[in-house]
Number of protein chains: 2
Amino acid sequence: MVTIRDVAKHAGVSVGTVSRVVSKNLTVSSKMRAAVEAAILELGYKPNLIARSLRNAKSNIIALIVPDIANPHFSQLALHIETVASRFGLMVVVANTHGDVEVERKQIATLSTLTPTGFLIIPAGSNPTGNQTGNIRTVAVDRPYGDHPLVSADHYAGGRLAAAHLIGLGHRRIAYLSGPEELSVAHNRKEGFLSVFDEARQNGKPDLSVPELIAGGFDYALDAETLTKLLLKPICQRPTAIATSNDQQAIGLMRLARDHGVSVPRDLTVIGFDDVPLASLTIPRLTTIAQPVQAIAERAVITLLDTESTNSSILQPVLKQRETSLTVSGWLV
Amino acid sequence: MVTIRDVAKHAGVSVGTVSRVVSKNLTVSSKMRAAVEAAILELGYKPNLIARSLRNAKSNIIALIVPDIANPHFSQLALHIETVASRFGLMVVVANTHGDVEVERKQIATLSTLTPTGFLIIPAGSNPTGNQTGNIRTVAVDRPYGDHPLVSADHYAGGRLAAAHLIGLGHRRIAYLSGPEELSVAHNRKEGFLSVFDEARQNGKPDLSVPELIAGGFDYALDAETLTKLLLKPICQRPTAIATSNDQQAIGLMRLARDHGVSVPRDLTVIGFDDVPLASLTIPRLTTIAQPVQAIAERAVITLLDTESTNSSILQPVLKQRETSLTVSGWLV
DNA sequence: GTGAAAGCGCTAACAG
DNA sequence: CTGTTAGCGCTTTCAC
């Protein structure tokens, strides 16, 4: 390994000088700088990040904590986070919590010993467990974490978008497949969704019944039994549209509908949330509420680096109408 | 930050002793050990990994280089790798190469400055650029990288499995949607696939024509024009089955077939490769060659840690027959 | 503007 | 068995 001393010796200067040119410090005469740079090139010197981190009591590492990197939405997020971080000369270490608050705690403790530049956390559970990161800069992504700045899509608004879309399409019997209630994301999406119905009923559309709620996880697996029962109801009682709280649920739901001979979108309108890459390839293509993933990733890293800022960023989602949502057909009502 | 000195002082021992109990070194009397452990607990001491890494000239970090963490197969792999690594007290930093050999080179150079325990590389491109990792332990995953040990599925065997399945189903006009030829994975899968046809023809099944090859990328996007032309051929010339070199291609293909009114599997059998989580939820469910992802991840980490070993591990894939593959119907031949 | 030197937190000789 | 100490590679005073 070639160290700063080797470079210094080779260039005939002191280590201090080398350090100064390497760390872009300006107080170096141009001739010395040239000599040092030549030596660096010749020797192929690369500053040792570990040593630098120790000295600075801070490493060039962003610690990214996700529930599950294999979740397409999170992996998408991780991709963009790493890409942006890389632009800033930062590396990303990833840890999975598997949705378990306890392992989240452990992961944070472990990663803290790396003295990372900061934590980017997609929290595993509910809020309460909010402050394991000590005085290391922390930004929550997607869901709040303690009182750290939050960068996320406006889930509530997204829920409203979905509801408005379905109502606009003429649907009146609607069900909502919710996510785990302890997750604020799931909660907010649902609340947003329901809020539109509340308002509509107050504004003289009393024919809009309250959406039927079905509890679900947040992954492909869903409460097949309850859903099946719902899908098998007589046509005039069955919901004409089901909104889900993420795309995986929607995909799982379409699969289930198919298994029971319910045709999407003819017999049932489905709408997802997230707009994972696959959503535009399903059969039929999934209508969904798209999160601005790339913008979220960018904003998250920038917020992390702007250590002064205490502001959250809530970005607006947008409806992507594709093929799974249709004007309700007369024969269904 | 509480350091080893604080613990030493608190426990009334020397830093050396503390270090010895922390690093599980045995030569410590039980009473001192107890005192130290008490102090550690009381102070909430956590050894600073950065300092330890500097001292040992090696960090507890696995550098994972992937083309694209958002690729479902790779994110699956990453999940399991991180999980296994975590069992060994190792952290994982991820870097994306976006399939570009040049950025791969840069990422490796950058990550090297972390003096990681080792590199786990899913190489971006072809073999030649094989040795950027210097003397840091390196294990290739999924595809060979230089002459480092390789842990991967047997892609060739997987290709054979797919071919055998289609032939066994009675298909005779078959097409193969290949991946980028410079990727050994793609190459091997294709070669394996074709080898079965060669053998069959030599063993007296001359009615098996050589599969038509269609070049493709490795992602959802495919050569729509060529494929469309193929799908629109008259029924007696059109292939009755198309094998793809990964699940994303297969999903894209099903989408395209649907767009042109070709029904899978009635009019066309499709088979994928990888068995990403989503494959069992597509409509219809995708028949595919499953890679033992978890075993690969485990083996990869273990190989990395067994610094002596120079052995590669080639694990066997297995056919998952689901709904997209069918005995060829008479009217198609 | 530059060099010398202290020291970040830790481990591993080495001496006792 | 335990304490002392040098030093990993780097940055940053502090003198000059």
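Protein chains get the first letters and strands the later ones, always in sequence-line order, with residue 1 at the start of each.
For the contact set between residues 4-19 of chain B and DNA chain D, defined by any heavy atom under 4.0 Å, the members are B:V13, B:S14, B:V15, B:G16, B:T17.
Across all strands, B:V28 comes closer than 4.0 Å only to sugar-phosphate atoms, never to a base (heavy-atom distances).
Between A:S29 and the phosphate of C:dT2, there is a side-chain N or O to OP1/OP2 separation shorter than 4.0 Å.
D:dC8 atom P lies 12 Å from atom CE of A:M1, rounded to whole Å. B:K58 places its NZ atom 16 Å from the C1' atom of C:dA12, with the value rounded to the nearest Å. The nearest whole Å value for the distance from the CG atom in A:L114 to the P atom in C:dG9 is 15 Å. Whole-Å rounding puts the A:I50 CD1 to C:dG9 P distance at 15 Å. The interatomic distance linking A:R52 (CZ) with D:dC10 (P) rounds to 8 Å, in whole Å. Counting to the nearest Å, the C1' atom of C:dA12 and the CG atom of B:N56 are 10 Å from each other. Look at CG on B:L49: it is 15 Å from C1' on C:dC8, rounded to the nearest Å. With rounding to whole Å, B:K31 atom NZ is found 12 Å from D:dC1 atom P.
Nearest-nucleotide positions on DNA chain D place B:T27 closer to the 5' end than the other of A:Y45 and B:T27.
Considering only heavy atoms from C-beta on, B:S14 stays 4.5 Å or farther from B:V18 through its side chain. No side-chain heavy atom of B:P67 sits less than 4.5 Å from a side-chain heavy atom of B:H98.
Inspection of the A:S53 and A:S59 side chains reveals no N or O donor paired with an N or O acceptor under 3.5 Å.
Counting all heavy atoms, side chain and backbone alike, A:P72 lies closest to A:Q248 at CD-NE2, 3.5 Å. Smallest separation of non-hydrogen atoms from A:H155 and A:D142: NE2-O, 2.9 Å.
No N or O donor and acceptor, one from the side chain of A:R55 and one from the base of C:dG9, sit under 3.5 Å apart. Residue A:R20 places a side-chain atom within donor-acceptor reach of the base of C:dG3, judged by atom type and a 3.5 Å distance cut-off alone.
Taking a cutoff of 4.0 Å between a charged side-chain nitrogen and a carboxylate oxygen, B:E298 and B:R87 qualify as a salt bridge.
The listed nucleotides are C:dT11, D:dG3, C:dC10; the one nearest the side chain of B:P47 is C:dC10.
Not counting sequence neighbours, the partners of B:D274 by the salt bridge (charged side-chain N to carboxylate O under 4.0 Å, His left out) test are B:R189.
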